[in-house]
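Structure, as structure tokens:
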Amino acid sequence: MNNALESSQNIAGSITIPLAPPGFKSGFIGIIGRPNVGKSTLMNRLVGQKIAITSPVAQTTRNRLRGILTTDRAQMIFLDTPGIHKPHHELGRILVKNATNVIDSVDIVLFIVDSSTPVGGGDRYVAELLARTETPIILGLNKADQQPDDASELDGGYLALAGDRDWPVQKFSAIEGTGLNELQDRLIDTLDPGPYYYPPDLVTDQPERFIMGELIREQVLLLTRQEIPHSVAVVIERVEETESITRVFAAINVERPSQKGIIIGKNGSMLKTIGSAARVAIQKLIEGEVFLKLFVKVEPKWRESRSLLADFGYRDEE
Ligand SMILES: Nc1nc2c(ncn2[C@@H]2O[C@H](COP(=O)(O)OP(=O)(O)OP(=O)(O)O)[C@@H](O)[C@H]2O)c(=O)[nH]1
């Protein structure tokens, strides 16, 4: 029997994980950076499937999400973290605390910056947090596709963030996919030998329900833009599966009645648009027919309330 395929562990009694061959590497990689630099886009691209939501509006990522990439040589488990920024409310405080906790608990920190724009205070804030860690750091210069022909000044500003530390640097475009093989090689070079932590064909450890909720939240953010910035939480209340169709019932929670009005729209038109776009995305996720029913609820000040935050799945992850 091939040793590499021999089952070594059992998750939930049924899924088996192969035994890693000699020299196989594995580890946890925290994707860190200020909001909107492309962290979620990168993770989706690396694992080859949409598991993190992305949007042109900053701070779309809320929960820590794991994306898993398994190759012949290594298993890389990516932790997508919310953009690090100075917090203004309880939700912001939890998001930043969780992201900073990641820095010390992973095997590699992948520090992502938007190299199409000059380095700024947000990047320096993250670099200061990273200055205190022993964790190896790789600097990722994203959005290479949008850099000018002579990018030496832009690059120089980012390279200076390392100070007197020696950070390996890799330039890439998460959107176009250029430079990502080189990035993978750098990550694998930096990892230590290790086992398979997950079955090789798994791309995320998040339950499908969570991703369904995120796909709905993404449409709310994309379609309502400025009006409903971050005061929305989606809860999947019920999923009914039959052979021909999956029925999903979800609540969109907002903080104010006026926001409820915007999400519902004139004669329900906005909610309909959100629902059909989210339905298409969920169909892709589960590869089957979906019926999606959305409700809109007002939960005043949910971002300030610890118990409601916990109800909606946001926790201190210490
Ligand atoms: N041109 C270009 N745009 C990119 C690239 N990567 C990401 N973007 C865009 O940048 C925006 C932000 O991307 P996200 O992946 O949501 O960024 P994020 O860092 O996860 O953002 P937060 O969740 O706010 O922390 C989106 O509009 C992406 O399409 C890239 O390589 N090139």
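In what follows, residues are counted from 1 in the order of the sequence shown. Just so it is clear, the values below take in all heavy atoms, side chains as well, and ignore hydrogens, waters and symmetry mates. Since the structure is predicted, the reported quantities are computational estimates derived from the model, not experimental observations. Whatever order the structure lists them in is the order used to number ligands and atoms, beginning at 1.
Asp107 contributes no side-chain N or O that, together with a main-chain N or O of Leu191, makes up a donor-acceptor pair within less than 3.5 Å. No donor-acceptor distance shorter than 3.5 angstrom exists from the side chain of Arg73 to the backbone of Lys25, with no hydrogens or angles considered.
Between the CD1 atom in Ile32 and the CZ atom in Phe111 there is a gap of 9.5 Å [rounded to 0.5 Å]. Rounded to the nearest 0.5 Å, atoms CG (Asp104) and CG (Leu130) are 9.5 Å apart.
Atoms of ligand 1 lying under 4.0 Å from at least one heavy atom of Ser173, given by number and element, are 31 (O). Those atoms of ligand 1 that come under 4.0 Å of a heavy atom in Gln146, given as number and element, are 1 (N). Those atoms of ligand 1 with a heavy atom of Asp145 less than 4.0 angstrom away are 1 (N), 2 (C), 30 (C), 31 (O), 32 (N). Interface of Pro35 with ligand 1, defined as ligand atoms under 4.0 Å from a residue heavy atom, comprises 24 (O), 25 (O).
With a 4.0 Å cut-off on non-hydrogen atoms, Lys39 touches ligand 1 through its backbone as well as its side chain.
Considering backbone and side-chain N/O of Glu176, none are found under 3.5 Å from N/O of ligand 1. Residue contacts with ligand 1: Ala174 is placed with a nitrogen or oxygen under 3.5 Å of a nitrogen or oxygen of the ligand (distance criterion only).
Classification of Asp123 and Arg34 as a salt-bridged pair holds, one side-chain N sitting under 4.0 Å from a carboxylate O. Using a 4.0 Å cut-off between charged side-chain N and carboxylate O, Lys297 and Glu299 make no salt bridge.
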For side chain to side chain contact (heavy atoms under 4.5 Å, CB included), just list the numbers for Gln283 and Glu289, CA-CA rounded to whole Å, side-chain angles, deciding distance to a tenth of an Å, and then say yes or no.
-> CA-CA 6 Å; Gln283 290 194 152; Glu289 272 304 295; 3.7 Å; yes

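The nearest non-hydrogen atom to atom 15 (O) of ligand 1, considering only Thr178, Ile31, Val37, Thr41, comes from Thr41. Among Asn36, Ile175, Asn142, Leu221, the residue whose heavy atom lies closest to atom 22 (P) of ligand 1 is Asn36.
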